[in-house]
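Taking it in order: structure first as structure tokens, then the write-up.
Convention: sequence-line order gives letters A, B, ...; per-chain numbering from 1.
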Amino acid sequence: MNELAPPRQILDQDWRRILQFGSLCALTLVFIALIGMPVQLDTRILIRRHLSLGYLSLIWIPMIMGYLVSKELVLEGIISAKKGPRDLLAGALTGMIGGAGLSLLAVLINNFDLRDPLLNWSPQTLEQLNFGNGIGFGIGIWLLIGGALGIFGSALHVLPALTAKAVGVALMTVALVSILETAITDLLEGFRLTFITDSLYAKRGGLSVVSTIVLVVFVALVTVLAAGQGDALRVKYDALDAPRRKSANLTMSFAGVIALLLLPLFLGKIMNELLANVGLFVLLALGLNIVVGLAGILDLGYVAFFAVGGYTTAVLTSPNSPWISPELHFGIVILIVIVIAAMIGLAVGAPVIRMRGDYLAIVTLGFGEIIRLLFLSDWLSPYFGGAQGITNIPPVDLGFAEVKGSDPRSVFYLVLFFCAIAIYISWRLQGSRLGRAWMAIREDEKVAEAMGINTVNAKLMAFVVGAILASFSGAVFAAKVGSIFPSSFLILVSIIILVVVIVGGMGNITGVIVGAVVLIGVLGGPKQPGLLQELGTFKLLIYGALLVFMMLKRPEGLVPNARRSHELHQEEFLQDAWLKGIVDDDDEEVTA
Amino acid sequence: MSPIMHIHDLTVSFGGLNALSDLNFHVDEGEIVSVIGPNGAGKTTFFNLITGLVEPNSGDILFEGESILGLDPYQVTEIGIARTFQNVRLFPNMTVLENVMVAQHCRTHQHAFGALLQTKAFRKEEREIRERAEEVLSFFGTRLIGYRLDQPAFVLSYANRRRLEIARAMATQPRLLLLDEPVAGMNPKESVELTNLIGRLRSEWGFTIVMIEHDMGVVRDVSDRVVVLDHGVTIAQGSYEEVSNDPQVIEAYLGRPAQDAS
Amino acid sequence: MTAVGVRSTRRVSWVDRFLTTLRIVLIALIVVGLLAFIAQQIDNDNAFARRRNPGATGLTAAQVKGLFVTGVAQGAMYGLIALGYSMVYGVLGFINFAHGEVFMLGTMSGFIASTKLSDAGYWESNFIGSFLLIILIAILVSTATAVVMERVAYRPLRDSPRLIPLITSIGVSFFIQNAVLGLFGPNSKSYPQLPEWLAKNRTILTFDIPGTKIMVLVVAAVSMAGLWWVVERTKTGKAMRAVAEDKEIAALMGINVDRTIVLTFAIGGAMAGIGGILWGLSFRSVTHLTGFLPGIKAFTAAVVGGVGNLGGSMAGGVALGTAESLGPQVILEPLGVKGVSQLRDAVAFTALVVVLLFKPAGLFGERLSEDDRA
């Protein structure tokens with residue numbers, strides 16, 4: 001551990017930095033207020049009578065800014081000062097500048113009318129900012145709230161590590177428990193544990209004050225008591241030898257699969273519907289992961305293959321199909337879908353595959369739009385129904401059960417089946433000759449070719465495998481919804497899947513699955529609501545912001561690649577060993 | 001010994017400037033030839049021409065008696081020519097082992113279905129690829145094996161990256177190996193070691209080697225023959241001694257007597 | 001020594017064959033469509049035209065001219081947007097996907113300013129003044145957006161692989177679109193009416209041209225000339241061209257690379273702002289989605305004209321606009337395609353695919369493709 005210098009003088013501040021973070025804080029707050037988040041999300045209660053999602057959308061900003069302003073880059077060899085009151089002051093000032101932004105906004109709304117262009121320059125927003133108590137109260141309270149939250153954020157540096165961790169975990173838990181209310185209620189109802197939810201949540205939604213406090217105390221205690229246990233477990237796991245570790249992995253995945261199979265039985269219709277939607281996106285994301293994550297081809301028209309799967313299924317199964325309606329069984333249809341998706345994948349892939357990466361991205365985007373416009377056009381409406389789409393797609397008859405949209409549980413199982421296939425394909429291909437070729441192309445295409453890889457063929461294979469996985473998703477989607485329209489296949493879908501893949505971590509199967517579950521589950525898909533269905537149109541804004549944030553801060557994704565982090569770990573170990581003089585110095589000699 | 005590669009009147013120009021003009025060159029089976037010359041003499045262009053990255057304006061390249069002009073780079077590798085790059089270009093996020101395994105792409109045949117069905121043939125081939133990769137890596141002593149196998153290439157030291165690049169080229173099972181400044185940036189001890197390895201590449205692995213190198217010590221120690229390029233023209237060739245005493249070479253390249261140069 | 005010529009032994013793969021076939025089919029379709037159109041024009045009832053499309057009637061000369069003028073005016077606006085793509089691509093080597101949103105913000109700010117002016121009665125009483133004012137406002141807004149975008153999202157990524165800033169720009173685009181949706185709502189907003197003296201048709205060289213389109217063409221030409229002057233005649237322009245050639249060398253020569261890049265974004269943004277106003281005045285409506293399609297099409301125009309080549313971008317824009325305007329009626333309709341007007345956008349995207357199909361690195365993209373290191 002580094003030695004820490006004594007805390008700096010309280011007025012020894014980096015004023016410029018405070019001003020920067022403060023104004024950023026104020027701008028963000030005003031922006032959030034003006035796009036109407038506080039008002040529109042106010043209906044979602046998180047803590048009864050004290051906190052709604054609307055206010056949450058504001059208050060986390062000063063907290064984060066307070067945290068960031070007093071965070072310092074720790075450099076090896078440079079002694080950093082111990083955190084103290086000076087940092088609390090920085091946090092407080094930052095938060096107050098942010099609060100002042102909101103106060104100013106309230107004053108402006110009170111005195112000027114800009115409602116004409118700005119939709120949310122409204123009395124409701126003002127009311128929300130004032131807490132219904134008149135403009136004077138509003139101005140004062142935001143300075144206070146901002147300052148308090150700023151202090152809170154910066155205090156996380158000042159508190160002892162364990163306390164800070166306990167506070168952080170407790171806050172996260174409260175946020176999660178209140179945001180996931182529907183899911184938790186539904187799940188516990190399935191287990192007949194309604195007494196827990198009854199005591200946890202207030203009658204008309206949201207945590208009650210008492211339960212919040214109990215939750216915070218409980219979680220904080222558990223965090224403090226269990227501190228180190230997790231690390232100990234990891235150390236234990238790392239210490240296992242290869243076969244033992246393998247069997248431990250197997251046991252864990254087996255347990256996971258069983259849990260996943262049993263879970264829907266305890267869930268209600270809405271949650272199962274959500275799970276089915278999430279599954280569809282997991283499937284899409286796994287496919288795009290092969291194309292973008294493994295082979296490094298940025299395909300922005302990925303939704304086209306989703307559409308191809310959907311339309312093929314619709315044409316081949318629906319009695320209402322305007323062109324041919326063979327009304328085939330879903331099992332046969334899937335085989336045909338594979339063939340058609342592969343063919344279209346090749347036909348779209350062949351012209352674009354030699355283009356440079358960025359051109360390819362835009363051209364595939366164009367292809368995605370062309371395919372949608374063609375499905376929509378009058379020209380092809382005798383075949384695909386134009387804007388009216390194709391309706392009356394029958395449920396999937398499995399002999400022992402029927403998979404139909406009105407029974408989301410069955411859809412979920414069907415999706416799960418296809419996801420399992422997709423995971424298996426991704427996993428096996430990743431460790432094969434083809435998968436290695438893809439990775440090499442992603443890393444350096446020219447060198448890959450110089451090492452004997454036929455890059456055109458390998459990239460086309462990635463395109464085709466991705467196309468097939470997307471078309472599976474399209475086929476299940478068609479059977480689930482029962483009808484299919486061009487409007488389900490906007491470019492938007494491609495972009496959202498891209499965000500999912502990037503947030504999860506490109507080329508990382510687990511990451512992509514987790515990314516899809518979290519993002520689609522909580523925020524929702526392009527048209528499918530997630531757990532926070534109040535978000536409505538804001539979710540697209542969040543997706544956009546998330547994409548930019550990820551690219552700037554964590555291009556490797558939120559879920560660290562197990563292998564990669566293991567290696568990084570190894571490197572640290574080596575560094576330590578080198579410092580102790582264990583490693584042969586010839587081995588590590590760097591002459592650059 | 002018969003020539004394994006023969007180059008006739010090779011000319012290439014970029015924007016009216018001749019990078020190489022009327023180059024004639026041959027390599028005999030089992031020979032180690034060094035190509036030297038001042039910066040901008042067209043040495044790397046020469047490698048790019050052979051490996052199909054650049055197309056010549058005129059002339060021909062025969063490998064084992066057949067023209068290889070117009071082949072895609074991967075096809076050139078397939079027929080048995082492998083290269084390294086001057087500015088080390090590994091696959092940084094792949095492991096050391098994977099870097100070498102992927103280079104065997106053109107020598108192996110299993111397709112996606114084999115991987116999906118985990119057929120016997122697939123598993124056998126995977127095992128062979130792995131064994132071969134380890135065999136190639138163990139050529140460099142203990143440097144690239146053991147715990148290193150599963151490290152991503154980006155954590156390697158500079159010298160190890162150079163070694164891994166050579167290992168990767170070896171794994172494509174070439175007959176002709178093109179090394180672009182293999183010891184650039186290495187310290188004297190490492191250079192000596194690598195020089196020995198280059199000798200062993202011929203004696204133990206049977207590669208014919210063409211090498212671009214600036215380090216005259218290395219050139220002297222391993223080459224059977226030295227070719228000097230300047231402004232895209234061959235100005236001399238022959239043994240190291242012959243070339244280093246050639247007045248034209250001294251003027252164009254060394255600038256002063258060779259014995260003082262190194 | 002016998003002289004040996006260059007023999008090509010490149011094995012032709014199925015991909016090559018497929019692409020060749022595709023090229024031939026595309027050319028054949030275009031030729032057949034054109035022939036059918038010409039046949040229709042000569043004789044509405046000739047057998048060739050009838051066989052292709054029984055219900056079709058030819059276009060009158062006035063209709064063709066009208067479509068042409070519409071196409072050129074539309075294309076001039078694409079060209080103005082394309083300049084921004086082209087300049088940024090030239091200097092930084094990545095596609096700024098969010099440039100369409102810069103354009104949209106220009107249109108949007110023009111709308112706000114013009115309705116305010118209209119409410120104050122100034123729009124009617126002094127149109128020229130109002131017009132100049134809203135152009136100025138749009139330029140300011142678009143320039144500011146482009147500059148902030150560069151500072152926040154792209155500068156930290158300057159040395160990363162090319163796809164990373166591209167993905168980031170997709171995120172930026174998505175963010176701006178939805179921020180505008182949140183701020184101004186989803187409804188389509190209408191610009192105030194243009195004054196009668198400007199909007200009325202004028203006849204120039206037998207072309208009957210609506211005044212709006214004349215305005216578009218004139219403003220586009222003036223902006224283009226101004227841009228040309230800046231890039232070719234000023235020190236700033238020289239710095240921009242130097243940075244486009246080689247950032248490191250330019251920095252060694254004492255050029256402030258950061259500042260030059262910011263300027264590039266700013267000038268591109270200004271052009272998009274002007275384009276935005278012209279778009280708003282021509283179509284008189286704007287939503288948060290206004291930037292998407294023109295953005296993609298302008299990128300197409302930039303590729304058609306050669307990225308990094310400013311005159312080419314303008315020419316590419318005009319070519320694309322004309323193709324998009326005439327293509328459906330002149331090629332698709334005679335081929336027997338129904339409801340061709342719905343396929344306008346598809347035609348634009350197809351044009352992009354076709355251009356890149358024949359020239360995978362873009363028409364003049366070779367210089368840039370040299371540094372293809374990912």
Working to the nearest 0.5 Å, report the span between CD1 of A:I502 and OG1 of C:T168. 8.0 Å

Between C:K189 and A:D116, does any NZ, NE, NH1 or NH2 come within less than 4.0 Å of an OD or OE carboxylate oxygen? no

Could you check if a side-chain atom of C:K116 sits within less than 4.5 angstrom of a side-chain atom of A:P117, using non-hydrogen atoms only? yes

Checking A:F367 against chain C: side chain, backbone, both or neither under 4.5 Å from a heavy atom? side chain

Give the C-alpha distance, both sets of side-chain angles, the deciding distance and a yes or no for side-chain contact (heavy atoms from CB on, under 4.5 Å) between C:F174 and A:L498. CA-CA 12 Å; C:F174 219 55; A:L498 180 69; over 6 Å; no

Quick one: pull up CZ in C:F299 and CD1 in A:I362 and give me the separation to the nearest 0.5 Å. 5.0 Å

In Å, rounded to the nearest 0.5 Å, how long is the span from CG of C:L343 to CG of A:L380? 8.0 Å

Proximal component of C:T350, with respect to chain A [non-hydrogen, under 4.5 Å]: both

Would you compute the distance between atom CD1 of C:I95 and atom CG of A:L298 and round it to the nearest 0.5 angstrom? 9.5 Å

Sort out for me which of C:V347, C:L163, C:T300, C:I176 touches chain A most, counting heavy-atom pairs under 4.5 Å. C:L163

A side-chain contact here means heavy atoms from C-beta on lying under 4.5 Å apart; do C:Y89 and A:D358 qualify? yes

Spatial distance of atom CZ (C:R344) from atom CG (A:L373) [nearest 0.5 Å]: 12.0 Å

Would you indicate whether the side-chain heavy atoms of C:W14 and A:N457 approach each other to under 4.5 Å? yes

Determine whether C:F184 and A:L119 make a side-chain contact, defined as any pair of heavy atoms from C-beta on separated by less than 4.5 Å. no

So do C:L183 and A:N120 actually touch side chain to side chain, heavy atoms under 4.5 Å? no

CD1 (C:I170) and OH (A:Y543) are apart, to the nearest 0.5 Å, by 15.5 Å

Less than 4.5 Å apart, any side-chain heavy atom of A:L365 and any of C:F97? yes

Side chains of A:L540 and C:L181 in contact at under 4.5 Å (non-hydrogen atoms): no

Do A:Y359 and C:V303 come within less than 4.5 Å of each other through their side chains, counting heavy atoms only? yes

With a 4.5 Å cut-off on heavy-atom pairs, point out which of A:V548, A:L492, A:L360 contacts chain C the most. A:V548

If contact means a heavy atom pair closer than 4.5 Å, which residues of residues 289-298 of chain C contact chain A? C:F292, C:I296

